[in-house]
K.L.:
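Got a structure for you, questions after.
Here, residue 1 is the first one in the sequence, and each next residue gets the next number.
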Amino acid sequence: MATVTRENIGLLNDKITVKVSQEDYLPNFDKAVKQFSKNANIPGFRKGMVPAGMVKKMHGQAIFGDEILKTVEKELMGYVQAEKLDLFGQPLSLDKQAKNLDFSNPAEYAFEFEVGIKPSFNITPLENNKTTLTKYKVAVTEEMVNDEIQRLQLKGGKTTEPETITSEDNVINVTFDESDKKGNVVEGGITKENALLVKYFTPAIQKELQGKKNNDSIVFQLATSFDEQRLGWILKDLGFEATDKAAADKYFKLTITKVGLIEKRELNEEFFKEIYPADNITTEEAFRGKLKEEIGKYWDSESRNHLHNDLFEVLVHETPIDLPKDFLKRWLQVGGEKPKTAEEAEKEFPSFDHQLRWTLISDKLVKENKLEVSFEDLKENAKQKVLGYYGGAAADGAEWLDSYLDRLLQDEKFVDQTYREMITAKLFDWAESKVNVKEEEIKAEDFVNLPHKHHHHEH
């Protein structure tokens, strides 16, 4: 009779030994040989008439090994189920070299496996209201609304090509050539084309650009020619880090290749209708109101993501979970698509550990609170996604929509991803109700500069 024994070898880490003797695997071996001789194609023999001895001679060793491993696996899995062991991944075989399995001399064989056991734990940050988090409320200012209106007016405006630069609203196509102070171009330096609004430059440079036309050039230093935010953009465009101080001190020769001017759109009904086709907006006041509401919605969702991110970090870092680290590192080496070295596993472990904790916590919360997403909900969510993408009301009720949705819902990857997003959202809504949330007003620029945790959950 096969025996299975288990001993503890570390934190949440056990060794399982499966012993099998002849009577456990020989009947299966003989059956497999018979089966093989029925189907084998061996030259000189009619199909189904190959003698068993011949099969054993040619393939006995392989069939023997297979049947033993099948028996061992069945015993191991039966044991894991009977003992209700909740395991990480698959049991790892500890038998490094192949055993000497000789079918002409069947014996008792022992196979050893190592398993990692999932811990039981309590999600303490959600117990008796002990966690307090901040939900930021970004104030939408008139200035934000003005900026957005201007952006939309320019985006839909007509471009003309005047001779010279006359205003901050001119768009100029330019070539940046790295140079020295005097404008001598550096050999092998950076050359990059770009299109910029004149108003992106500091006032001193804007003044210098007035009256310039095609093929004119000026020389300037990056750091002193743009405000901080724009400097970051320009540095990135040129291939540097946004915060690279040394690069910001470089000089460039700027050559104008084209002068343009965008005529801003007028704020009239035609324009309002273009931006919001579904709303009947007739006045500038109503248009501003709608924009303010949309900007508010955007910041609300950003603020909510921020809260969820903080909640995620608290759950992952403050829920005490013991993990069998050594086992998991070994498992990382062999459990993936291709084997990894011990160094690679060591390097990947912190982010793997983080993700694993989140999986354990979220699985537990979903199960214990019976959180679920029905197929109907999923379908509705998919429909809203599609409508949002194709401009809302216009598409609703259209015939193509239903067939498009049906196709989407047959795509396993799409369904899986949508399900994950929805169950995660449900999970956060539920968890949010178990912590104290205090609201705090904040300016948009301060919100953007809040220290950001570098880990993101899939959301």
K.L.:
For residues 71-90, which residue pairs pass the side-chain hydrogen bond (donor to acceptor under 3.5 Å, both in side chains) check, not counting sequence neighbours?
P.N.:
Arg6-Tyr79
K.L.:
Side-chain contact, heavy-atom cut-off 4.5 Å: Ser225 with Tyr251?
P.N.:
no
K.L.:
Once you measure the plane-to-plane angle for Phe349 and Phe352, does it fall in the parallel (<30°), tilted (30-60°) or perpendicular (>60°) bin?
P.N.:
tilted
K.L.:
For the backbone of Val373 and the side chain of Asp377, can you confirm whether one donor and one acceptor N or O come within less than 3.5 Å of each other?
P.N.:
no
K.L.:
Could you tell me whether Lys379 atom NZ has more than 12 heavy atoms of other residues or ligands within 6.0 Å of it?
P.N.:
no
K.L.:
Between Asp310 and Lys135, is there a salt bridge with N-O shorter than 4.0 Å?
P.N.:
no
K.L.:
Does a side-chain heavy-atom distance below 4.5 Å link Lys250 with Phe176?
P.N.:
no
K.L.:
Are there more than 12 heavy atoms of other residues, nucleotides or ligands under 6.0 Å from atom CD of Glu445?
P.N.:
yes
K.L.:
Look at atom NZ of Lys19 and say whether more than 12 heavy atoms of other residues, nucleotides or ligands are closer to it than 6.0 Å.
P.N.:
no
K.L.:
Mind jotting down which residue pairs meet the side-chain hydrogen bond (donor to acceptor under 3.5 Å, both in side chains) criterion with at least one end in residues 137-148? Sequence neighbours excluded, please.
P.N.:
Lys137-Asp300, Glu142-Arg288, Asn146-Arg288, Glu148-Arg151
K.L.:
With rounding to the nearest 0.5 angstrom, report the CG to CG distance, Leu254 to Leu209.
P.N.:
7.0 Å
K.L.:
With the side chain counted from C-beta on, respond yes when Phe252 and Ile234 share a heavy-atom pair under 4.5 Å apart, and no when they do not.
P.N.:
no
K.L.:
Output yes when Lys347 and Glu343 qualify as a salt bridge under the 4.0 Å nitrogen-oxygen rule, no when they do not.
P.N.:
no
K.L.:
Would a distance-only check, ignoring hydrogens and angles, find a side-chain to backbone donor-acceptor pair under 3.5 Å from Asn13 to Val115?
P.N.:
yes
K.L.:
Does any N or O in the side chain of Lys212 come within less than 3.5 Å of the main-chain N or O of Ile218, such that one atom is a donor and the other an acceptor?
P.N.:
no
K.L.:
Can you tell me how far the CG atom of Leu196 sits from the CG atom of Asn170, to the nearest 0.5 Å?
P.N.:
12.0 Å
K.L.:
Quick one: sort the His308 and Phe428 rings into parallel, tilted or perpendicular, breaks at 30° and 60°.
P.N.:
parallel
K.L.:
Counting only heavy atoms not in Glu412, do more than 12 fall under 6.0 Å of its CD?
P.N.:
no
K.L.:
Decide yes or no for Lys290 and Phe272: does some side-chain heavy atom of the first lie under 4.5 Å from some side-chain heavy atom of the second?
P.N.:
no
K.L.:
Does any part of the side chain of Val72, heavy atoms only, come nearer than 4.5 Å to the side chain of Phe113, both counted from C-beta?
P.N.:
yes
K.L.:
Can you list every pair that meets side-chain hydrogen bond (donor to acceptor under 3.5 Å, both in side chains) and has a residue in residues 252-271, with sequence neighbours left out?
P.N.:
Arg265-Glu274
K.L.:
Do Leu126 and Trp430 touch side chain to side chain, with heavy atoms closer than 4.5 Å?
P.N.:
yes
K.L.:
Which residue pairs pass the side-chain hydrogen bond (donor to acceptor under 3.5 Å, both in side chains) test when at least one of the two sits in residues 153-169, sequence neighbours left out?
P.N.:
none
K.L.:
Do any N or O atoms from the side chain of Asp180 and from the backbone of Lys182 form a donor-acceptor pair under 3.5 angstrom?
P.N.:
yes
K.L.:
Taking the side chain as C-beta and beyond, is there a heavy-atom pair between His317 and His354 under 4.5 Å?
P.N.:
yes
K.L.:
Could you list the residues that satisfy salt bridge (charged side-chain N to carboxylate O under 4.0 Å, His left out) with Lys385, not counting sequence neighbours?
P.N.:
Glu421
K.L.:
Under 3.5 Å, is there a donor on one side chain and an acceptor on the other for Gln384 and Glu380?
P.N.:
yes
K.L.:
Return yes if some donor-acceptor pair links the side-chain N/O of Asp216 with the main-chain N/O of Lys213 below 3.5 Å, else return no.
P.N.:
yes
K.L.:
So, taking the atom named CG in Leu92 and the one named CZ in Arg330, what distance separates them when rounded to the nearest 0.5 Å?
P.N.:
7.5 Å
K.L.:
For residues Glu193 and Asn173, is any side-chain donor paired with an opposing acceptor at under 3.5 Å?
P.N.:
no
K.L.:
Got Thr17 and Phe111 here, is their nearest side-chain heavy-atom distance under 4.5 Å?
P.N.:
no
K.L.:
Could you grab the distance from atom NZ of Lys340 to atom NZ of Lys329, nearest 0.5 Å is fine?
P.N.:
14.5 Å
K.L.:
Side-chain donor-acceptor pairs under 3.5 Å in residues 235-245, sequence neighbours left out?
P.N.:
| from | atom 1 | to | atom 2 | distance (Å) |
| --- | --- | --- | --- | --- |
| Asp237 | OD2 | Asn194 | ND2 | 3.1 |
| Asp244 | OD1 | Ala246 | N | 3.1 |
| Asp244 | OD1 | Ala247 | N | 3.0 |

